[in-house]
Amino acid sequence: MPLFSKSHKNPAEIVKILKDNMAILEKQDKKTDKASEEVSKSLQAMKEILCGTNDKEPPTEIVAQLAQELYKSGLLVTLIADLQLIDFEGKKDVTQIFNNILRRQIGTRSPTVEYISAHPHILFMLLKGYEAPQIALRCGIMLRECVRHEPLAKIILFSNQFRDFFKYVELSTFDIASDAFATFKDLLTRHKVLVADFLEQNYDTIFEDYEKLLQSENYVTKRQSLKLLGELILDRHNFAIMTKYISKPENLKLMMNLLRDKSPNIQFEAFHVFKVFVASPHKTQPIVEILLKNQPKLIEFLSSFQKDRTDDEQFADEKNYLIKQIRDLKKTAP
C-alpha cells in the first residue's frame, strides 16, 4: 500500500504536505533528506489520484479537487520553479502530473490552460529551463504539451522570450539543442493561422535571426533549420511569407551558396527552398537578374546535381523542370 493512498490523504492534505516540504527543500539545510523523501511520496500520491491505479479509473471529483488545490495553493508554480531541487524520479513525476492536469477538460473548457494563461510566467520558467541541463529535457516535454494549446502557443510566440529559441537551438549539448528545436518547430507549425499571423507581423526580426541558423557552424541545426524553412514557405497558410521571402535577392544568394555546401543533405534541403524561387511565376526583377547572370552556370550545375539520387523520380522531375525554367528565362526589354 502506498503511504498516501486515497483513503489516507485527501488532495488538500497532499498539496499542503508537498508545499511545506518544498519550502524546506528551498532552504537547503540539514532537513532536506527527510523533506526530499516526503516530496517523493506526495508526488506519487498525486500521480495516483490523477492517473488512477491499474484496475481503477481516477474519480472525477477527487481529480477536480486536486486541480483546484494546485491552482489555489500556487503549488503548480512552485513545482516548476523548484524542479531542480527534486530528485530524478520526482522530476519525472512532476512532468507526468503537469501534462496530465494540462490535458484535463470540463466540457470544452481546459481549466489548466486558463490558469496558465492567467499566470504566463509558468511558460517562461519552462522556457528558461533550457538553460539548466539537469531540468532542460523535462521542461521541454512540459513546454511542448503547453504548445498543443493555441492560447498558450500564442503567449510564447508573441513574447520577447520567443527569440531565446534561436540561442537554445545552438546550445553545445546535443540533446538539449535538439529538444529546443523540436519545441521551436512545434511552435511554428502546429497552429497554422496563428503562426501565419505571427510571421507576417514579425517577419523582419524573425527572418534576420533565422538567417543566422541557416549559416550555423552546427550541421544538425543548419539542416533542421533548412528543412523547417522549406516546410514553412511551402505551407499554403504562409503564402504571404513565401512571397516576401522569395522576393529578396539575399535569400536567393544564400540558397545558391547552400546548394554548394559540403554536405549532400544540406544541398538537398537547400534545393527544396531554391526551387520555390525558380518556379514562382511572379519573380521580382532582382531575382530574375541573379538567375540570368548565373544562367549557364546554374544549368550546368543542376544537370549534374546529386546524380546519385537515381531512385527519387520526383527529385529528377523537379530538377528538369528548374533547368527548363532557368533556360527559358529572357532578359526583359529596358
Side-chain angles (χ1 to χ4, degrees), residues 22 25-26 36 39 43 76-100 102-103 116 120-149 152-191 195 198 202 205-232 261 263 265-266 269:
M22 287 304 297
L25 284 189
E26 282 174 11
S36 190
V39 164
L43 288 170
L76 204 59
V77 176
T78 305
L79 289 173
I80 303 300
D82 292 340
L83 192 60
Q84 71 278 12
L85 302 177
I86 300 170
D87 67 20
F88 180 76
E89 286 302 320
K91 286 186 183 76
K92 282 176 23 184
D93 291 340
V94 169
T95 308
Q96 211 175 331
I97 289 162
F98 182 89
N99 286 2
N100 188 296
L102 189 55
R103 291 181 200 127
I116 296 173
H121 64 290
I122 292 174
L123 295 168
F124 303 130
M125 283 195 293
L126 289 172
L127 183 54
K128 206 163 174 55
Y130 280 125
E131 296 175 19
Q134 71 276 31
I135 60 168
L137 301 183
R138 291 281 139 209
C139 287
I141 293 168
M142 291 184 272
L143 202 50
R144 280 190 295 285
E145 193 64 42
C146 291
V147 169
R148 291 166 70 98
H149 303 274
L152 303 184
K154 185 175 184 178
I155 291 169
I156 301 169
L157 281 170
F158 284 92
S159 70
N160 292 331
Q161 289 91 326
F162 174 75
R163 292 182 74 186
D164 290 342
F165 274 106
F166 292 99
K167 178 175 68 181
Y168 298 148
V169 301
E170 290 265 50
L171 288 168
S172 56
T173 308
F174 176 77
D175 289 357
I176 299 174
S178 295
D179 195 279
F181 197 92
T183 310
F184 178 64
K185 183 181 176 181
D186 253 16
L187 271 166
L188 290 176
T189 52
R190 188 174 280 277
H191 308 285
V195 168
F198 164 71
N202 298 276
T205 51
I206 295 304
F207 280 91
E208 190 182 314
D209 286 338
Y210 208 101
E211 191 178 330
K212 291 170 193 159
L213 295 185
L214 297 174
Q215 298 179 77
S216 172
E217 292 296 313
N218 183 320
Y219 162 76
V220 177
T221 302
K222 195 175 184 177
R223 185 184 176 189
Q224 286 178 325
S225 302
L226 256 176
K227 196 169 188 154
L228 177 56
L229 176 64
E231 200 177 315
L232 288 173
D261 192 272
S263 156
N265 290 324
I266 299 275
E269 298 304 342

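Only heavy atoms go into these numbers, but all of them, side chains included; no hydrogens, no water, no symmetry mates. In what follows, residues are counted from 1 in the order of the sequence shown.
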Gap separating the CD atom of E26 from the CG atom of L85, nearest 0.5 angstrom: 7.0 Å
Closest heavy-atom pair and its distance - S263, Y219: OG-CE1, 3.2 Å
Separation of D261 CG from L226 CG (nearest 0.5 Å): 8.5 Å
Pairwise distance CG(D209) to CG(L214) - rounded to 0.5 angstrom: 11.5 Å
Y210 side-chain N/O to F166 backbone N/O, donor-acceptor pair under 3.5 Å: no
Partner of L25 by side-chain contact (heavy atoms from CB on, under 4.5 Å), out of V39, T78, D82: V39
Side chain to side chain, M22 and I86, heavy atoms closer than 4.5 Å: yes
Where C139 and G129 come nearest, the two heavy atoms and their spacing: SG-CA, 3.8 Å
I155 side, atom CD1; H121 side, atom NE2 - distance, nearest 0.5 Å: 11.5 Å
For F98, the option from L126, L83, L79 that meets side-chain contact (heavy atoms from CB on, under 4.5 Å): L126
Whether over 12 other heavy atoms sit under 6.0 Å from K185 NZ: no
Short side-chain to backbone donor-acceptor contact, S216 and N218, under 3.5 Å: yes
Check ion pair D186-R148 (N to O, under 4.0 angstrom): no
For L43 against I97, the heavy-atom pair lying closest together: O-CD1, 3.6 Å
Test item: Y130 and D179 side chains (from C-beta on) under 4.5 Å apart, heavy atoms: yes
L157 side chain near N202 side chain, heavy-atom distance below 4.5 Å: no
Salt bridge present between K128 and D164 (N-O < 4.0 angstrom): no
Heavy-atom side-chain contact between L102 and L152 under 4.5 Å: yes
Under-4.0 Å salt bridge between E269 and K222: no
Smallest separation among heavy atoms of T183 and R144, with atom names: OG1-NH1, 2.8 Å
Stepwise salt bridge (charged side-chain N to carboxylate O under 4.0 Å, His left out) check, E170 with K212: CA-CA 10 Å; E170 290 265 50; K212 291 170 193 159; over 6 Å; no
Salt bridge present between K167 and E131 (N-O < 4.0 angstrom): yes
Heavy-atom side-chain proximity of R190 to V195 below 4.5 angstrom: no
Contact summary for V220 and F174, nearest pair of heavy atoms: CG2-CE1, 3.8 Å
Atom pair CG (L123) and CD1 (I156), whose distance is rounded to the nearest 0.5 Å: 4.5 Å
Test side chain to side chain contact (heavy atoms under 4.5 Å, CB included) applied to V94 and R138, step by step: CA-CA 9 Å; V94 169; R138 291 281 139 209; over 6 Å; no
Aromatic ring pairing F165/F162, orientation class (parallel under 30°, perpendicular over 60°, tilted between): tilted
Evaluation steps, ring pair (Phe, Tyr, Trp, His ring centres under 6.0 Å), between Y168 and F184: CA-CA 9 Å; Y168 298 148; F184 178 64; over 10 Å; no
Shortest non-hydrogen contact from M142 toward N99: CA-OD1, 3.5 Å
Atom pair CZ (R223) and CG (L228), whose distance is rounded to the nearest 0.5 Å: 13.5 Å
